[in-house]
Every structure is written in C-alpha cells, then in structure tokens.
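Note that the structure is predicted; figures quoted are calculated from it, not measured. In what follows, every chain begins at residue 1, and chains take the letters A, B, ... in the order their sequences are listed.
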Amino acid sequence: MIEIKNVTKSFSSRRTIDHLNLTIPHGKIVGFLGPNGAGKSTTIKMMTGILPIDEGTITLNGYDIEKQPMEAKKTFGLVPDHPDMFLRLKGMEYLNFIGDIFNIPSDIRKERIERVTKQFSIYTALNDYIQTYSHGMRQKIIVTGVLLHDPPIWILDEPLTGLDPKSSYLLKEMLREHAEKGNTVFFSSHGLEVVEQLVDEVAIINHGKLLFYGTLQELREQNPSNDSLEEVFLEMTNDA
Amino acid sequence: MMHKTFLLAKTMLKMQYRNPDRKASQTFMYIFSFIILLPILFVYIDIMRGLVQSLYQAFEPIGQESVILGLLFLTLHFLLFFISMLTILTTFYFSEDIESFIPFPFEPYQLLISKAINPFIYLYITASALYLPFYFFYGTISGASILYFIVGIILLLLTPIVPFSLAAILIMFVMRFVNVAKNKDRSKVIAGIATLVFIIGINVLVRINTNDDAFIENMVMFLQEQDGLLQMLTGFYPPAYLSTKVLIGIATGVGVLSLLGVITLCILGFVLFLWLGQLLYLKGVLGVNTGNKKSFSEKKINKSLHNNSVWISYIKKELKTIIRTPTFLMQCIVQSLFGPFFLVIILMLDFGNNSLANFSEAFSEKSMILTLFMVSIFILGANPTSYTSISREGKNWYTNLFLPIKPKQIVLSKIGVASLIDLLTIGLLLTIMLFFLHVPGEILAIWLFLTLLGSIYTSSMGTYLDFLNPKLNWTDEQELFKMRFIGLVALLFTAGIFGIIVLILWNIQYFQGSLQIAGILFLCLTSGITIIQKLLTHKIKKKYHLHY
Ligand SMILES: Nc1ncnc2c1ncn2[C@@H]1O[C@H](COP(=O)(O)OP(=O)(O)O)[C@@H](O)[C@H]1O
Ligand SMILES: [Mg+2]
C-alpha cells in the first residue's frame, strides 16, 4: 500500500506538485496518467526517495520514505524512466549486485534470473555490458532486477515506452501476475490507450494536481458524454 | 568552413564549461582558495627567480648562459608533449561527446580543431606557469631589451603547437590500428599506456647509456665554443634550439631567421596534424566507446552467481566502473602512477644509479621519515579518485537514492575504493624505496604505516569535499577532471595541512626520535580522519539528496 498525503513540491518557487493525496491499495494495478510535464516522474521520485519532499508525507507499506528510508526502500522495486544506469556493468553483474543488496540466496537468484531473462530473450546477453544493450533491453534488465527481489510494491515510470509489442505484452502479464499475488503495482503513462485493458484503477494528474482517482468504470460514468476513455482523458488534461 | 568550425568549438566549450548549478558558496570557495594559494605563488616565483639567478651566475662567466633558455624550452616541450598525450587520448578518443557530433556533416579536421581547444587551454596554462617566471627573470637578470619581452610572449604562444601536434600524430597512428582490435575498451587503454611507457623508456635508456667518458670529452669540446652547451643539449631537437636562438639573437639576423624557423615548424606540425587527422581520426574513433560483445556461455553465468556482502558488492561495482571507463582509468589509476614513475626518472637522471644508495646515509632518520611521508601525502592527495567519488556517478547518482543502502555505507565504500586504488601508488613507492633508495627496514615500516593511514585521510578528505559540492550533471567524464577547483582544494587540505605540520616538526629540535615523530603524525592523521568522519555524518544527514 502506498499513501501519499498532502504532498507538495516546488522547483525554484514554481509549484510542480500541489497538495497531492492518493492511496493505492494492495493487490491492485494502478495507472498514473497525465501528459508530459504533469508531474508523474516528480511524484515517483519523491515516493522512492530520489527527491526530497517539500511538504506532506509518503508511506510505503506503512514505512515513511523520509523517516524510515531503509525499511521503505526494501519494500519496493523501481523501474525509472531512464534505464541508462550501471552501463559499465555486465547484465549478470548488475543482477548480482541487486541480489547482494537485497540479500537474495544464490539458488533463488539463479532460478529467477533464468526464468525472467529467458522470457525476455535477454538471457544470452547477460555477459555483455549494459552499455551495449538497446533501450528496451536496458529496461528489461532493470525489470529482471526488480523481479529478482520480488518486492511487495512495484513502481514503474513510463515502462511501456520503448518496448516492442511482445515485450510490452510480457511486461503487462508480469505486472498482472505480481498484483494477483497481493502486491501493489503503480506505473505511470502519458496515454490511456495502452493501459486500458491492464489497470484496475487510474489516477489522472495534470499540473501537479490530482484530477481523478477511481476505476475505469467510474471514469466512464462520470463522463457520459464522451465516446471513448481516450477522449475523456484528453478532455480532462486539455489546457486550452 | 571556418564558420562551421567556430560554431562547433563554441558548442563543445559550452557543453563543458557551462555550470547550471553554480552557487554563491562556490564562488566564495574559489576566492578563499585563491587567497590561501597566493603565498604559495609568491614562494614559487621566488624559487624560480633564485634558480634562474644561480644558473645565470654559473654559466655566464663561461659564455654558456644560452643553455639556460635551451633547458627551459627542452623541458617545456617535453612536459607539454606528455600532457598532450594524456589530454589527446582522453579528449579525442575516450570522451563520449564526440558521438553526438559524428552524425552531423563535419569534416574530421573541424572536429579536431574544436576538440583541440580544450587541451590547448590546458597546455597554455601549464606552459605559462613554467615559462613566464623563467623567461622574465632571465630577461631582467641579463638586462634584455623590450623586444626580448615582446618576442618572448610570441614564443610562448607558439610553443605548445609542436609538442601537441607530435603527440597527436603519434596517438592517431596508434589508435587507428588499435581500433581494429577486438576488445576495444581495454586495448585502447593499453595502447595509450604502452605509448607513454615506450616514450619514457626510450628517454631513460638514452640517458643511462650515455657513456661517461665520451660525455666528458664532448663536454670539453662543446664548452670551448659560444653556445656550445646549447647545441649539445638541444641540437637533436630543432624547435627548442631555434626558440632559444630567437631569444638570444634578438634583433639580429639569426634571431629573425630562427623565429621564421619556429613559425614554419609550427605551421608544418599543425598542418600535418590536421592532414593526418583527416585521414586517421574518424577511423580511430568510430565505435571506440562501444563495449564489446562476447560470445555467450552458460557456464560463465552460473559461475558468476555468488553472494557477496553489500560492502563488497558495492566496492566491486565501483572498482569495475573505474577500470572499465577509459577516462576514469586514465585519470584515477594510470595518471596517479605517473607521480612515482617520474620520481624514478628524476632519481635516475639526477644521481646516476650508484649515488642513490647514499640517500639513506645523507639524511637523519627524522628528516627521512618526514620527507618520505610528505612526498607520499602529496602524491596521494593529488589522486582524483577521492575528489570525484560522488561526481563520478553523474546523472546516475539517483540509483544510490532508491536502493536500500545506508548513505553512510555508500560514502564509506567510496572512501574505501579511493584507498584501495591508492594501494597501487603505495606499492610502487615502496618498490622505489626498497630498490632505489635502500631505505632501512625500520623506517620503511614506519613510513608504510603512516602512508596507509595517510591514504585513508586523503581519501576521506577528497570524498568529503566532493560530497559538499559534487558535479553531477556532466555529459562527458572529462569534465570531472578539468577546470574543477576541487583538485587544488583537496591538495590544500591534504598536502597543504601536512606540509605545515611537517615543517613545524622539522624545525622543532626537541623531537628527534623516529618513533616520536611517527607518534605525532599518527595522532594528527587519526584526529584528522575522526574529524572528517564526524563532519561527513553530519553533512550526509543534511544534504543526501544533493542536486535532486
Ligand atoms: N529537477 C528539476 N528542476 C526544475 N524543474 C523540474 C525538475 N524536474 C521536473 N521539473 C519540472 O516539473 C514538471 C513535471 O515534470 P515531470 O514530473 O518530469 O513530468 P512527467 O509527468 O512528464 O513525468 C515539469 O514542468 C518539469 O519541467
Ligand atoms: Mg516523466
């Protein structure tokens, strides 16, 4: 469970996140939607301890990310928007690094790494430097890292951008599977069309303010005049 | 054409020197360091004045004073050649920003000119530091005319061109053929180091093999004619010979002709550099920064599956990153070995092999410990591994924020990495002392103990300073090592502080025993380390997020 309470964040006196309140329950896949620059990444960075929070609190499974950072950080896995990290490590070395940090026993490591990387068809690239990976492959190795420590909360920042159809389908399956085990899955996206079949609930944000939170059904009921959800989303986040 | 080159150069410089998060505290730091460094500058200038004066007094009576300038130019060219090798390797080949420019329609020579600006800035700064005081004092002491001072500046402007071009041509040739090799990242670095070692080796061999008797015979012969020594010293290298002739024969036909000669050499060198660059550069640089794909083996994957503690895992990750990033490898490891390496050369040249053994007899135990300790603190304090600890992460710093590792543990691991890398330097120094200086065992043990502790001190200090003001938004690794004042500040707080302590100890007659001296240094080091640790803990609490 993720609880965001009254969170505010400014960059050089410009308010980027404005009194955001959001509670994401267990066992659900929640899409965090908004156009470019809406404040999705900023929110995710505050949730994961990358950015300090100006006002308000964020707790992950009851642990405050600022007051109990170690406990909080052990509860989630993050797939950041730019997967360009640890480029000088080989894929396998990166996974071992994650395994060491989260203290995963060797046999579990082996089983999970093999299963996930074979599914993603990056198993044979594990001995190559991450620098030689394509954007999608880099994302996949990070996803593998997250599944390696199997956290109760999984946070992803625009994970579907840059994945080929097969991998995109696979990742969605993995997200679903993870949520069905009772875990929390929270991911951002700039469009609704790719995630319609996937999400249980959506949170729509623009200019740092929460515009809607609920199921797709509720979203449709609230906006009966529009034909498609995509239109609802576009209208809601229209600045004109 | 020129317009495009100019545009390219401007963009490259902007990318390197623009600093979006410059703060007032930084400006204060600059001013503060400058004020502290001012007295050192005066001391330096005074030493140079004394050096020129005593050389002049020695050589003027025998009519060989021209050799002083010859020596200056020769040293200058040699030094600039070395610096060029390193900067060319890093800016022309290891720097990643070149990849953003290659897709655009630029001629290789345009890329080369733009890329060369940064190394040249560096060369001019280094050259000025050595050349300006030297030539100025030579001028005033010998009572030179105004013309001497004017032409001298022109010579300074010309001086870096030839050594730079020579170094560039050499490296472009090597890299052109290395880039065909399979394991590019590694072979590039090895080629770079091999070239350097080769040059140093040739030099040392030439000096050692100079037969003493023949040398003295020649000497006598050369001494008999005007400027004979100059000819002997610089005859094999026209740029230095001609440059000296310009200054000596100022306002005479010889001087004018020599100046024309120097200018011709510069133009020739630079044109040759651009022409060969046009042919060789792109072939050498394309794909340089791509890693290499190995064939897949399941065995390897299974073998690499093993558990480590977070400490070891993190330190291994840091070390791998340094070793596999060519710029880091050059700056943090290879360059730090040059200090001791040059020490060996200087020792070999100055004393000849035999007299070195006398080192241990010439000094008291106290002065030996203090001297050796100071040399090693200086070399360790200058190692950039510590003061780039945080900055090296660059835009990836955020990965340290969301992983469940304690901030203190991350910073301590980084200090540990800097100390581990120091071990290489310390090992080399130890070898020098053991085999060249024949330092007695007891002193050696004390030195080793103090230096290991000193390495922890310098690593902590550098990391702490970098933590206060890291440079995280770089686009090219180069930016971490160039034009960052922190290197100087770090040196100030390591070698500077201990320089004062050593100076005080040196002059207090009361302390003589080697154990006494070691005890005091031990206390200073441990209290220094403790203080930094306390400050670090405090600062980590306050500003762990840094620029994010
Ligand atoms: N480090 C930063 N400094 C200043 N402004 C920032 C910074 N990071 C994000 N912003 C601004 O905050 C707003 C939201 O950005 P972000 O959260 O990245 O949007 P997105 O929803 O596309 O992920 C944007 O207007 C962006 O310009
Ligand atoms: Mg974003």
Side-chain angles (χ1 to χ4, degrees), chain A residues 42 44-53 65-66 69-78 80 82 84-107 109-110 113-114 117 123-133 142 145 149 151 155, chain B residues 21 96 185 287 289-326 328-329 392-407 409-410 477 542-548:
Chain A
T42 307
I44 288 179
K45 282 178 185 161
M46 287 191 287
M47 287 165 67
T48 50
I50 296 171
L51 271 176
I53 303 168
I65 183 69
E66 298 216 296
M70 287 301 282
E71 290 82 357
K73 285 173 189 177
K74 279 178 189 154
T75 62
F76 69 81
L78 170 69
H82 298 290
D84 311 312
M85 48 198 220
F86 301 104
L87 298 182
R88 299 281 173 182
L89 294 189
K90 295 170 183 169
M92 194 58 200
E93 289 171 346
Y94 169 72
L95 295 176
N96 262 321
F97 177 68
I98 295 293
D100 287 340
I101 284 171
F102 287 91
N103 208 3
I104 311 295
S106 291
D107 46 337
R109 251 187 237 196
K110 182 175 158 58
I113 290 174
E114 251 187 60
T117 54
Y123 183 64
T124 54
L126 280 181
N127 271 332
D128 297 337
Y129 290 104
I130 297 182
Q131 194 165 35
T132 64
Y133 287 16
I142 296 171
H149 66 97
I155 301 168
Chain B
D21 41 50
E96 313 229 322
D185 249 10
N289 282 308
T290 54
N292 55 302
K293 278 193 190 259
K294 286 211 200 75
S295 59
F296 172 73
S297 110
E298 181 133 8
K299 233 194 258 153
K300 245 192 204 142
I301 288 190
N302 289 332
K303 216 176 70 189
S304 61
L305 262 172
H306 46 74
N307 286 33
N308 281 315
S309 76
V310 176
W311 284 106
I312 293 179
S313 201
Y314 198 89
I315 288 177
K316 264 168 77 179
K317 171 223 138 198
E318 283 283 304
L319 285 174
K320 277 178 190 156
T321 310
I322 291 178
I323 291 170
R324 289 172 185 175
T325 312
F328 293 162
L329 181 65
R392 278 198 308 270
E393 298 263 0
K395 293 184 184 106
N396 279 325
W397 168 250
Y398 75 92
T399 52
N400 291 297
L401 299 173
F402 71 77
L403 291 173
I405 314 174
K406 288 207 181 71
Q409 188 170 10
I410 289 177
E477 288 106 359
K542 263 179 72 180
K543 54 169 284 183
Y544 185 55
H545 287 273
L546 303 172
H547 292 310
Y548 283 91

Legend entry - Heavy-atom proximity to chain A below 4.5 Å, by part of T399(B): side chain
Inset, instruction - Name the option with the most non-hydrogen atom pairs under 4.5 Å to chain B; the candidates are K74(A), K110(A), H82(A). - result: K110(A)
Inset, instruction - Assign the ring pair F102(A) / H149(A) to parallel, tilted or perpendicular, where the plane angle (0 to 90°) is split at 30° and 60°. - result: parallel
Legend entry - Test item: D128(A) side-chain N/O and Y133(A) main-chain N/O as donor-acceptor pair under 3.5 Å: no
Legend entry - Check: K317(B) side chain, E93(A) main-chain N or O, donor-acceptor pair, under 3.5 Å: no
Contact class of [X] relative to chain B, heavy atoms under 4.5 angstrom:
X	answer
M92(A)	side chain
I104(A)	backbone
F76(A)	side chain

Legend entry - Qualifying residues under salt bridge (charged side-chain N to carboxylate O under 4.0 Å, His left out), relative to K406(B), sequence neighbours excluded: none
Legend entry - Basic-acidic side-chain contact under 4.0 Å: E477(B), R324(B): no
Legend entry - Greatest number of heavy atom pairs closer than 4.5 Å to chain A - which of V310(B), T321(B), N307(B): N307(B)
